[in-house]
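Side-chain atoms are counted along with the backbone in the values below, which use heavy atoms only and exclude waters and symmetry mates.
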Amino acid sequence: MLEAPFAAQAVLEGPRVRLVQLTEAVLDDYAAALDDPELQRLTGSRAPVERAALRAWLRSRREHADRADWAVLRRSDNVFLGEAVLNELSPEDASCNFRIWLSGAHVGQGYGTEATRLVVEHALRDVGLHRVSLSVYAFNERARRSYERCGFVLEGRLRDALRWEGRWHDELVMAALEGDLPPQRG
C-alpha cells in the first residue's frame, strides 16, 4: 500500500494556497529564497547551492515516488511562496518526515500554517500514513506554534544540535499521528 504513495503526486488546495509538484518552473524564485540569510538560519543551511545543481534537483522531483515535493503557491496570483516536502518514507512504519519553508516576504501571513495543514491531512488521511514527524530549531517559535496548530506534538529535544554564529541551539522533535488530527471538515 505505501511502497510508492507519491507516484501520482496530488495537487493540494486550500483557501489561500495551492500546492503543486515542485519543478524547475520555480527555479529563479527558489534560488533567490535559498540565498536569504534568514531562511538559512531557520533551516540551518550553510552551503550555497549552485544553480546547475539546483536545476537538476528540481527536474528530478518527479522521479521519486517515495516522497512528495510541492511548490507552495498563492492562489490569488500563483506567486511562489516556498516548498513543502514529505520525505524519509518508512512504508513498514507508515511514517515520514515533513519540512516546509517560505521565502521571507511571505512569512507570518498564515500561508505556512495552511500549507502544513493541507500536507499533514493529506499524508494521514489520504495516503494512509500513521505518523508524520519534523524537527524545528528551538529559536523558531513562530514555526513551532504553527506546527502545534496543525496537530504536531513536542516529543523531544536534541540539545545543542545546531551551532549558528557562535551559539548553540536545540532542535525540537515533533510529530502528528492520525489520531491527533481534528475531525474532518464537512
Side-chain angles (χ1 to χ4, degrees), residues 12 14 16-58 60-61 64 67-74 77-88 96-120 123 131-176:
L12 306 178
R16 300 185 325 134
V17 299
R18 183 168 174 255
L19 281 67
V20 300
Q21 174 85 55
L22 189 63
T23 68
E24 71 176 305
V26 298
L27 176 63
D28 293 336
D29 293 326
Y30 197 94
L34 293 181
D35 285 339
D36 177 37
E38 180 63 2
L39 179 64
Q40 293 170 358
R41 182 180 79 88
L42 293 173
T43 60
S45 302
R46 292 184 177 91
V49 180
E50 294 182 18
R51 195 166 182 86
L54 184 56
R55 176 179 279 118
W57 186 83
L58 289 169
S60 73
R61 297 305 81 210
H64 301 278
R67 61 182 286 149
D69 297 87
W70 286 280
V72 180
L73 307 175
R74 187 168 48 209
D77 56 9
N78 269 348
V79 165
F80 176 76
L81 305 174
E83 79 165 357
V85 177
L86 290 173
N87 62 359
E88 300 176 17
C96 69
N97 179 69
F98 171 72
R99 75 168 192 256
I100 186 171
W101 59 257
L102 297 182
S103 65
H106 309 293
V107 172
Q109 300 176 46
Y111 296 123
T113 299
E114 183 177 328
T116 298
R117 187 171 286 119
L118 288 168
V119 171
V120 172
R131 174 187 170 85
V132 177
S133 61
L134 62 82
S135 63
V136 60
Y137 294 114
F139 58 77
N140 194 345
E141 281 295 318
R142 181 177 51 232
R144 181 178 173 184
R145 286 189 306 271
S146 173
Y147 298 143
E148 288 170 346
R149 285 192 296 274
C150 294
F152 284 90
V153 175
L154 179 65
E155 294 186 332
R157 175 181 297 267
L158 305 175
R159 297 177 305 140
D160 291 351
L162 174 70
R163 185 169 174 86
W164 195 266
E165 295 180 347
R167 293 188 55 208
W168 289 106
H169 302 279
D170 293 353
E171 181 177 343
L172 306 177
V173 177
M174 303 178 79

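To the nearest 0.5 Å, atom CZ of residue R144 and atom CZ of residue F152 are 13.5 Å apart. In this structure, CD1 on I100 lies 6.5 Å from OH on Y147, to the nearest 0.5 angstrom. Expressed to the nearest 0.5 Å, how far CD of E88 lies from CG of L134 amounts to 11.0 Å. How far CG of L102 is from OG1 of T116: 8.0 Å, rounded to the nearest 0.5 Å. Atom OG in S45 sits 11.0 Å away from atom CG in D35 (nearest 0.5 Å).
When the options E171, R157, R99 are evaluated for a side-chain hydrogen bond (donor to acceptor under 3.5 Å, both in side chains) with S135, the one that passes is E171. When each of N87, V85, V119 is paired with F98, the side chain to side chain contact (heavy atoms under 4.5 Å, CB included) condition holds for V119 and for no other.
With salt bridges taken as basic N to acidic carboxylate O contacts below 4.0 Å, none links E83 and R61. No salt bridge links R117 with E114; every basic N to acidic carboxylate O contact stays at or beyond 4.0 Å.
In terms of heavy atoms, F80 sits closest to L73 at CA-CD2, 3.8 Å. Between A123 and L86, the closest heavy-atom pair is CB-CD1, 3.7 Å. When all heavy atoms are compared, the tightest approach of W101 to S103 is CE3-N, 4.0 Å. Across every non-hydrogen atom of G108 and R142, the tightest pair is CA-CD, 4.2 Å. Contact record, T113 with S146: OG1-OG, 2.6 Å, taken as the closest heavy-atom pair. In plain terms, the two heavy atoms of R51 and A31 that are nearest each other are NH1-CB, 3.6 Å.
In this structure, E50 places its CD atom where only 12 or fewer heavy-atom neighbours from other residues, nucleotides or ligands lie under 6.0 Å away. Surrounding CZ of R163 are more than 12 heavy atoms belonging to other residues, nucleotides or ligands, all under 6.0 Å away. When the shell of 6.0 Å around CZ of R159 is examined, it contains 12 or fewer heavy atoms from other residues, nucleotides or ligands.
V49 is not listed as a side-chain neighbour of Y30, based on a closest heavy-atom distance of 4.5 Å or more. The shortest side-chain heavy-atom distance between D170 and L158 does not fall under the 4.5 Å cut-off. A 4.5 Å side-chain heavy-atom check between L22 and W57 finds at least one atom pair inside the cut-off.
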Report task. Determine, step by step, whether L58 and T23 satisfy the side-chain contact (heavy atoms from CB on, under 4.5 Å) criterion, reporting the C-alpha distance in whole Å, the side-chain angles of both residues, the deciding distance to 0.1 Å, and the verdict. Result -> CA-CA 5 Å; L58 289 169; T23 68; 5.9 Å; no
Which is it for E165 and R41 under the side-chain contact (heavy atoms from CB on, under 4.5 Å) test, yes or no, and what are the steps along the way?
CA-CA 9 Å; E165 295 180 347; R41 182 180 79 88; 5.6 Å; no
Original post:
Could you walk me through whether E148 and R145 pass the salt bridge (charged side-chain N to carboxylate O under 4.0 Å, His left out) check?
Top reply: CA-CA 5 Å; E148 288 170 346; R145 286 189 306 271; over 6 Å; no
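Taking the six-membered ring where tryptophan is involved, the planes of H169 and F139 are perpendicular, since the angle between them exceeds 60° and thus also 30°.
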